[in-house]
Amino acid sequence: MNSDSDLQIAGDILEVTHLLQAPREHPSTVAEFVGLARAIAEDRAQWEHLVRYDATSRWYHRLRTGPGFEVWLLSWVPGQGSGLHDHGRSSGVLTVLDGTLTERTERGTRALRAGAQRVFAPGYVHEVVNDALEPAVSLHVYHPGLTEMPMHTAPHCEARTEPRALTA
């Protein structure tokens, strides 16, 4: 019978660095892309000073690129929307940083408030609109980088609702 403990045989696992997996330099899994989006969202100093609002078209800025992925920052003034589209062969993570956006799909409509995240696979069809009365900001991570955004016709998605009127 051997009286040696496992710790005596293997040593302290925290001191055996060659057994630990090296951290990845760039994300490669859905969870890692979601984590990247959350980390950027939490670091307002990294993106807040870049945001611009344009009443004539949606404003966007490529915030970061890496091997096979892109991170985009978008602003939405009230009434601006993406139109019904998919992202070609790209998967993505949409994170609302400020304000509220509305996402419409064939399954229904949902309000996405600051902090909300949506993960989607290639071919996912949706429309994103700022139906609120305040501007919104969102972060989009695409893997692989976005090379196409095919537009779709409205019958695929539930009927559009009219923007809410401002009442006094």
Side-chain angles (χ1 to χ4, degrees), residues 27 29-66 68-168:
T29 67
V30 172
E32 289 171 342
F33 283 113
V34 168
L36 171 65
R38 284 186 182 151
I40 294 171
E42 290 170 4
D43 187 2
R44 292 185 74 89
Q46 187 178 159
W47 55 267
E48 191 171 41
H49 67 284
L50 299 170
V51 175
R52 305 288 180 264
Y53 297 101
D54 186 339
T56 59
S57 66
R58 280 184 305 133
W59 173 90
Y60 52 91
H61 173 77
R62 186 165 52 195
L63 191 59
R64 184 182 299 178
T65 61
F69 74 92
E70 296 177 328
V71 179
W72 290 87
L73 187 63
L74 280 77
S75 71
W76 313 71
V77 299
Q80 286 180 337
S82 65
L84 191 61
H85 67 282
D86 69 58
H87 303 93
R89 61 187 197 95
S90 298
S91 296
V93 179
L94 160 65
T95 306
V96 179
L97 302 177
D98 275 330
T100 300
L101 293 172
T102 300
E103 181 188 41
R104 295 185 182 103
T105 69
E106 65 182 356
R107 292 181 156 187
T109 299
R110 75 180 66 198
L112 305 173
R113 291 174 179 71
Q117 286 190 299
R118 299 285 294 139
V119 176
F120 52 87
Y124 179 73
V125 178
H126 70 157
E127 176 181 34
V128 179
V129 179
N130 182 353
D131 283 334
L133 299 175
E134 299 294 325
V137 179
S138 59
L139 184 79
H140 303 250
V141 180
Y142 298 108
H143 181 276
L146 192 62
T147 59
E148 59 181 320
M149 198 171 110
M151 301 306 289
H152 295 261
T153 57
H156 178 78
C157 195
E158 96 177 11
R160 291 182 65 133
T161 56
E162 292 301 316
R164 287 177 270 174
L166 182 62
T167 57

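Not measured: the values here are computed from a predicted model. Along the sequence shown, residues carry numbers from 1.
- Taking every heavy atom of both residues into account, G88 and P150 meet most closely at N-CD, 3.8 Å.
- Note: D54 CG to W76 CH2 = 13.5 Å, rounded to the nearest 0.5 Å.
- Other residues, nucleotides and ligands contribute more than 12 heavy atoms inside 6.0 Å of the OH atom of Y53.
- The backbone N or O of I40 lies less than 3.5 Å from a partner atom in the side chain of W47, making a donor-acceptor pair.
- To the nearest 0.5 Å, the span separating OG1 on T105 from CZ on R110 amounts to 6.5 Å.
- Atom CG of L112 sits about 8.5 Å away from atom OG1 of T100, to the nearest 0.5 Å.
- Relative ring orientation between F33 and F69 is described as perpendicular, the plane-to-plane angle rising above 60° on a 0-90° scale split at 30° and 60°.
- Residue R89 places its CZ atom among 12 or fewer non-hydrogen atoms of other residues, nucleotides or ligands, all under 6.0 Å distant.
- From M151, atom CE reaches atom CE of M149 across 5.0 Å, with rounding to the nearest 0.5 Å.
- Exactly one of H140, Q117, R118 qualifies for a side chain to side chain contact (heavy atoms under 4.5 Å, CB included) with T95. That residue is Q117.
- When every heavy atom of L50 is checked against every heavy atom of Q46, the shortest pair comes out as CD1-O, 3.8 Å.
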D98 vs R44, side chain to side chain contact (heavy atoms under 4.5 Å, CB included): CA-CA, chis, key distance, verdict: CA-CA 10 Å; D98 275 330; R44 292 185 74 89; 2.9 Å; yes

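- Annotation: the span from S91 atom OG to Y142 atom OH amounts to 11.5 Å, rounded to 0.5 Å.
- More than 12 heavy-atom neighbours from other residues, nucleotides or ligands sit within 6.0 angstrom of CD on E48.
- For the pair E70 (side chain) and L146 (backbone), a donor-acceptor distance under 3.5 Å is present.
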Residue pair H152, H85: steps toward the ring pair (Phe, Tyr, Trp, His ring centres under 6.0 Å) verdict: CA-CA 5 Å; H152 295 261; H85 67 282; 8.2 Å; no

Ring pair (Phe, Tyr, Trp, His ring centres under 6.0 Å) assessment of H87 paired with H143: CA-CA 10 Å; H87 303 93; H143 181 276; over 10 Å; no

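- Of all heavy-atom pairs spanning P78 and A132, the tightest one is CB-O, 3.3 Å.
- Looking at V34 and R38, their side chains come closer than 4.5 Å, going by heavy atoms from C-beta outward.
- The side chain to side chain contact (heavy atoms under 4.5 Å, CB included) with R104 is formed by just one residue from the set L84, T109, V128, V125; it is T109.
- Between the CG atom of L97 and the CG atom of L73 there is a distance of 6.5 Å, given to the nearest 0.5 Å.
- No side-chain donor-acceptor contact under 3.5 Å links E127 to the backbone of S82.
- Under the 4.5 Å side-chain criterion, counting only non-hydrogen atoms from C-beta, L139 is in contact with V71.
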